[in-house]
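Letters A, B, ... are given to chains in the order of the sequence lines, protein chains preceding strands, and every chain is numbered from 1. Computed from heavy atoms alone, side chains included, the values below leave out hydrogens, waters and symmetry copies.
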Amino acid sequence: MAYEPVLTKFVNEPNSYTLDFYLKHQRGYEGLRKALTLQPNDLIEQVKASGLRGRGGAGFPTGMKWQFVLKDTPKPKYICCNADESEPGTFKDHVLMERNPHLLIEGCAISCYAIGAKVAYIYIRGEFFHVQEILEAEIDKAYKAGYLGKNILGSGFDCDVYVHRGAGAYEAGEETALIESLEGKRAQPRIKPPFPAVAGLYQCPTAVNNVETLCNVPLIVMNGAEWFSSIGPEKNGGPKLFCISGHVKRPGVYEASMHTTLRELIYEQAGGMIDERPLKAVIPGGSSVPILLPEQLDTPASFDHIQKAGSLLGSAGLIVMNDSVCMVWLAMNLLHFYRHESCGKCTPCREGSDWLFKLLRRVEAGEGQPKDLDLLFGVSNNIVGKTLCAFGDAAATPVLTTMKLFRHEYEAHVREGRCTLPASWRAEHPIFAAH
Amino acid sequence: MDSVTLTIDGRPVTVAKGKTVLQAAIESGISVPYYCYHPGISIDGSCRVCVVKIEKMPKLQTSCSTLCADGMVVSTRDRDVVEARAGVFEFLLINHPLDCPVCDKGGECPLQDFSYTFGPAESRMDFPRRVFDGEGVKADVDFGPTLMLNRNRCILCTRCVRFMKEIDGDAQIGIVDRGYGSEIATFQEQGVHSLISGNLMDVCPVGAILTKDYRFKSRPWDNPGVVDTICTLCSKGCNTSAWLKAKPEWARGSRLIRMTPRYNPDVNGYWMCDIGRFNYHWIEGENRLRRPMMRGSAGSAAQAAPLEASAWHDVQPRLRDRLQEAGSGGAFHFLASAHASMEELFVLKQLAEALLGGDAMKSVSIGWEATEKPQPATTKFKVPVTDAPNVNGARDLGFAVGRGNEGPADLSGLRKAVEAGTVKALYVIDPAGPKGSLGDISWIAAARRSGALSLLVVQAVVTSELTEAADFVLPGSAWVEKDAIYTNDQGRVQAASRAIAPPGEALEDWQILVNVGRSLGVALPYESSGDVRRALAAAMTGYSEAERLAFMRPVPASTWMQASNPSERWKWDFLFQDLPPTKGHNVQMEGLPAQATPFIPLKPVQ
């Protein structure tokens, strides 16, 4: 089944990011023009009908999120675009913003119109310096061309889009932490409720949407809800970007429908495994989700199918690992990340992620004792579900999932006092310095 | 008021709408631990020890951030809750130095108490603990002029951060770094500079923030008594507790060991300022007046003679003679500080009226100071300008107080009269220290030295330029040394209780005035301050409740645990349920039935 990309069709063309290119090749701002002729409510209904689900990780229906945004309030409303793409293994929004920024800008404007906001903030990850430059330059062009600013296309609708670059915190990708950061505070999650739809940015009703989600909005408006939902399985419609990394021949961002199986993504799109080594494990949705095994590769990469298989599609960051990867090392690597990125607000996550890392480092170095394995399990379970945001669960998942599926590797480390797997490639690619 | 009824641990609990599950549990005496929650500041939901299970909710919920709803079924003893809670306590202690034996919070530490109650029996942590500034005493770093900080002990509840932001109004404390490396800090390590910084020790649930004043001075078990009283250092009248350390009388150091605020929603909330908290050392200081003093021993020629300590029974007749001499000329004047209590001013008024007749009120001046306190404009705890507790009381008694609590007293008229020599004899009453409370009154001493004043009687508590110049010095009592009532800037009549006895031969000020009056033949039929209050309550409109005010005495450990640590008092209220009830212990005025002054009954001697 040949799939025609819509989000990333032109990303390899030179100048694909420019306004002229967008207008010429992608029916640029037609969606906005059409949206402005509709009633905001009809627009929300259309997005609901399309079944668009949030591409940031949770897969929450976007139309419903917009519907929850308080209507009867004198306060201003806001769209916050979550461009803090920080999940390890995820790099799809980067491509969209760098190579197709006007799709996002148009999506922001339409979304603002739909929920009655006049301002959209694009909260961009701290490390995306050059992407910010591109985005801001293209936003300027959109202003000059009348697609943003006052009285857009003569409709009377005003909309401003600002780019705000974070300081480089993983936690700022959590929607309430993103809002806190945008307000100039530490990026730490808020207590929910109230949800951002009721009291978000500056305590005003706010919708926080992922870059890819907003990029889909102009397509839905232009091509209709049926077109959108016809791509992919039921309730998992629309084009989807997959970030494939790890031991594959052609790592990269691939656009596909959610009918596509993991096997197709890895062996067809990404060209298969390097050196044809056997696949040992794949993390299907960014580092925070449970591992899937080779026998589960025929699962379609949709929100629902992956969940049924025991994992989550998350941000669709597939991390593919061959048989040389030590799972204890994997967990330690990921915990090194999580203990560094824990915002430190909730006790279990702050203290637990550090403790887990220390235990994993000990076990990985072959200095662990049998009790350490029980401890890893116990500490992880003391974090899961005990924190304000999903970070705690995310931090414990790598430990729990590797212990569940590869406990024998942990036991081998303890028993042998060293890693029993060939580790030559790791020596060639030191990922982080132990400290 | 709308109320909701929910079930906690099988018990139906009815609370006002808008309360959280944690508040409902605390109110109904159900044990739920908490750290980041403090009733006086906003909810953070970060410490995670207050988790409970609520039916129909998939995950455990933090009770501090969950509003009560009708029909909610809450469990605090479910197996999941018990295990989750113990897990969080284990996390809290993996990096907390277990230096409780040398920590000033030890013995009154919520982390200690709750860990014993809810935590696991032992920790599984076998890695070295996190260390910030150093181990042991090196961990204590300067945290501004009043505080010390120990980051190793900090559990990052952020109460201090929120206190500074929300109550002080100047968010000087923040958290720097992230995750396991998060630490409490101030900008460029400048420390906390605030007029209400001492409250940070109270809000800190561990020994991370300590006041320099109390640090290393005492331990909870060394403070066997605490007295609920009020602060009288300004017109606010914060409700406080005076802590007493047990020590032999001959040992160095003081018995008064610290002042802490006591919850009163109408006056001071949970807080008090640093002036009231730290300015008590003079009470047992070197400069206290302990014995009456007078000059020479022979007649009016004795002006040049030095002041000599004497006995009341020697001073009394001499003072009578000099006062009679001065009073006959009609140039006699009283100057009383607004630090004088209602009882003292009431007796003074009667004394003045008996001695001076119709012009009595003109012959009494009330003095006080006023200083603008540097505070952020957004502060929620405003320290008033008036540095005296009883300006409104003086007004209620009919004394001229000018603009009252809006500014300092105007003593220029008195000064003119004294310097012109129309006032020949002056009787000053100032029961405040350490520098007195009347402002710059060097002109009085100058007038006495120059002879413009021929008689200066000073009834005070500390030595000063004024007492040096006086003919008679009568030692009075500080506010913690007497049962007395004061009327604050809201017009609220509050009781200050006697915590310690006056030093040496010092007497309560009302008693001195009564004695002086009696020696002059004025009938002042009072044997106790209670007698004065009864008379006052009968004589003055609006003061009928005055005689029913409850005065406190030092209470033992079991009681002060429940009653006297304001930030944690809710905790004590339910944690020590098996102890005798002390509800209402700190409520002094409203709706309290008449209560006899508690005292220890004497045992008959066989």
ask   = Which heavy atom in A:Pro88 sits nearest to a heavy atom in A:Tyr170, and how many Å separate them?
value = CD-CE1, 4.1 Å
note = Of all heavy-atom pairs linking A:Ser380 and A:Leu356, the shortest is OG-CD2, 3.6 Å
ask   = Between A:Asp84 and A:Gly173, is there a donor-acceptor pair closer than 3.5 Å when you use the side chain of the first and the backbone of the second?
value = yes
Heavy-atom contact with chain A under 4.5 Å, split by part of [X]:
| X | result |
| --- | --- |
| B:Leu67 | neither |
| B:Gln61 | neither |
| B:Val51 | neither |

query = Around B:Phe187, counting heavy atoms of other residues, nucleotides and ligands shown, do more than 12 lie under 6.0 Å from its CZ?
reply = no
task = Sort out for me which residue in A:Arg407, A:Arg415, A:His413 forms a side-chain hydrogen bond (donor to acceptor under 3.5 Å, both in side chains) with A:Glu411.
result = A:Arg407
inquiry  = The test is ring pair (Phe, Tyr, Trp, His ring centres under 6.0 Å); show your working for A:Tyr123 and A:His164 and say whether it passes.
reply    = CA-CA 5 Å; A:Tyr123 185 96; A:His164 179 97; 5.5 Å; yes
With chain A, which of [options] has the greatest number of heavy-atom pairs at distances under 4.5 Å?
| options | value |
| --- | --- |
| B:Ile94, B:Asp177, B:Leu60 | B:Ile94 |
| B:Asp44, B:Ile43, B:Val88 | B:Asp44 |
| B:Ala86, B:Pro58, B:Gly87 | B:Gly87 |
| B:Gly181, B:Ser65, B:Ser46 | B:Ser46 |

Interface residue of largest heavy-atom contact number with chain B, from [options], under 4.5 Å:
| options | answer |
| --- | --- |
| A:Cys349, A:Pro193, A:Pro348, A:Ala187 | A:Pro348 |
| A:Gln188, A:Glu341, A:Lys371 | A:Glu341 |
| A:Gly385, A:Gly352, A:Cys343, A:Gly344 | A:Cys343 |
| A:Asn381, A:Asn382, A:Leu359 | A:Asn382 |

Where does [X] contact chain B at under 4.5 Å (heavy atoms): side chain, backbone, both or neither?
| X | result |
| --- | --- |
| A:Leu388 | both |
| A:Ala169 | both |
| A:Arg190 | neither |

inquiry  = Does either side chain, that of B:Tyr180 or that of A:Ser342, offer a donor lying less than 3.5 Å from an acceptor on the other one?
reply    = no
ask   = Would A:Glu351 and B:Asn95 count as having a side-chain donor-acceptor pair, cut-off 3.5 Å?
value = yes
ask   = Are the charged groups of B:Asp126 and A:Arg362 less than 4.0 angstrom apart, N to O?
value = yes
